[in-house]
Amino acid sequence: MTEIVYTLGGQVYLNLTNACPCRCAFCIRENGDGVGTAENLWFSEHAPSFAEVKAAVDAWDFSAYDKEVVFCGYGEPTCAYETLLRTAEYLKQKGLRLRLNTNGLSDLINGKPTAKELCRYIDTVSVSLNAPTAEKYEKLCHPAFGEKAFDAMLAFARQCKELGANVKFTVVDVIPPEDIEACKTLANSMDIPLRVRAYIAE
């Protein structure tokens, strides 16, 4: 059975879709079928509907965990945009804080500006920066949108920050140290903090 709700490092995560426009060289999906407490995060037939996500959420006891719920699974959450928005609205009614882990390509994925709608509900937006330039980003992440993806990602992060969300950039520690430093410089220029994430091998 594919898991919608799972935990990792003491936090609750929601797995909404397996779709993603990127094929990152370090993608954790290449390492196995699940992560954290989830044995299987692959949807065999279709991504879950809002009703299915709501049922999974309602069956979950959040009292033993941090009150922040993270949208992050084996896919880019904004590929399930409408389900993401409806789930976020439902969770906010429960008094939960919400974080979106994203590649920042939501506007390109959905063909419209999305930051304003998302930031109505999302408290923290964690954007995968992963590279300091468009050229390096394309080589590392292989976005389906080509060379325009990098600037679109930066613009999305900037818009979320302007809308009052707590925005963070992340990079994975598999990239060269000089690229990490260049990413720090870029993040600082946008007044957005950068977190270097340890690569999860298993």
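Just so it is clear, the structure is predicted and the values come from calculations on it, not from any experiment.
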Legend entry - Salt-bridge criterion met for R197 and D173 (N-O under 4.0 Å): no
Inset, instruction - Give me the one residue out of T102, L105, D151 that meets side-chain contact (heavy atoms from CB on, under 4.5 Å) with F156. - result: T102
Inset, instruction - Using a strict 4.0 Å threshold on nitrogen-to-oxygen distance, state whether R158 and E162 make a salt bridge. - result: no
Inset, instruction - Give a yes or no on whether a salt bridge exists between K184 and E181, defined as a side-chain N under 4.0 angstrom from a carboxylate O. - result: yes
Inset, instruction - For E52, look at atom CD and say whether over 12 heavy atoms of other residues, nucleotides or ligands are found less than 6.0 Å away. - result: yes
Legend entry - 4.5 Å side-chain heavy-atom contact, V125 and N101: no
Inset, instruction - List the atom of G73, the atom of N15, and the distance in Å for their closest heavy-atom pair. - result: CA-OD1, 3.3 Å
Inset, instruction - Give a yes or no on whether E135 atom CD has more than 12 heavy-atom contacts from other residues, nucleotides or ligands under 6.0 Å away. - result: no
Legend entry - R29 side chain to Y74 backbone, donor-acceptor under 3.5 Å: yes
Legend entry - Gap separating the CG atom of L85 from the OH atom of Y121, nearest 0.5 angstrom: 6.5 Å
Legend entry - Salt bridge flag under 4.0 Å for residues D58 and K94: yes
Inset, instruction - Look up atom CG in L118 and atom OG1 in T78, then write down how far apart they are to the nearest 0.5 Å. - result: 7.5 Å
Inset, instruction - Determine yes or no for a side-chain-to-main-chain donor-acceptor pair under 3.5 angstrom, with N110 supplying the side chain and K112 the backbone. - result: no
Legend entry - Sequence-distant partners of E39, salt bridge (Lys or Arg N to Asp or Glu O under 4.0 Å), two or more places apart: none
Inset, instruction - Find out if a path of hydrophobic residues (ILVMFWY) with successive side-chain heavy-atom gaps under 4.5 Å connects Y81 to F145. - result: yes
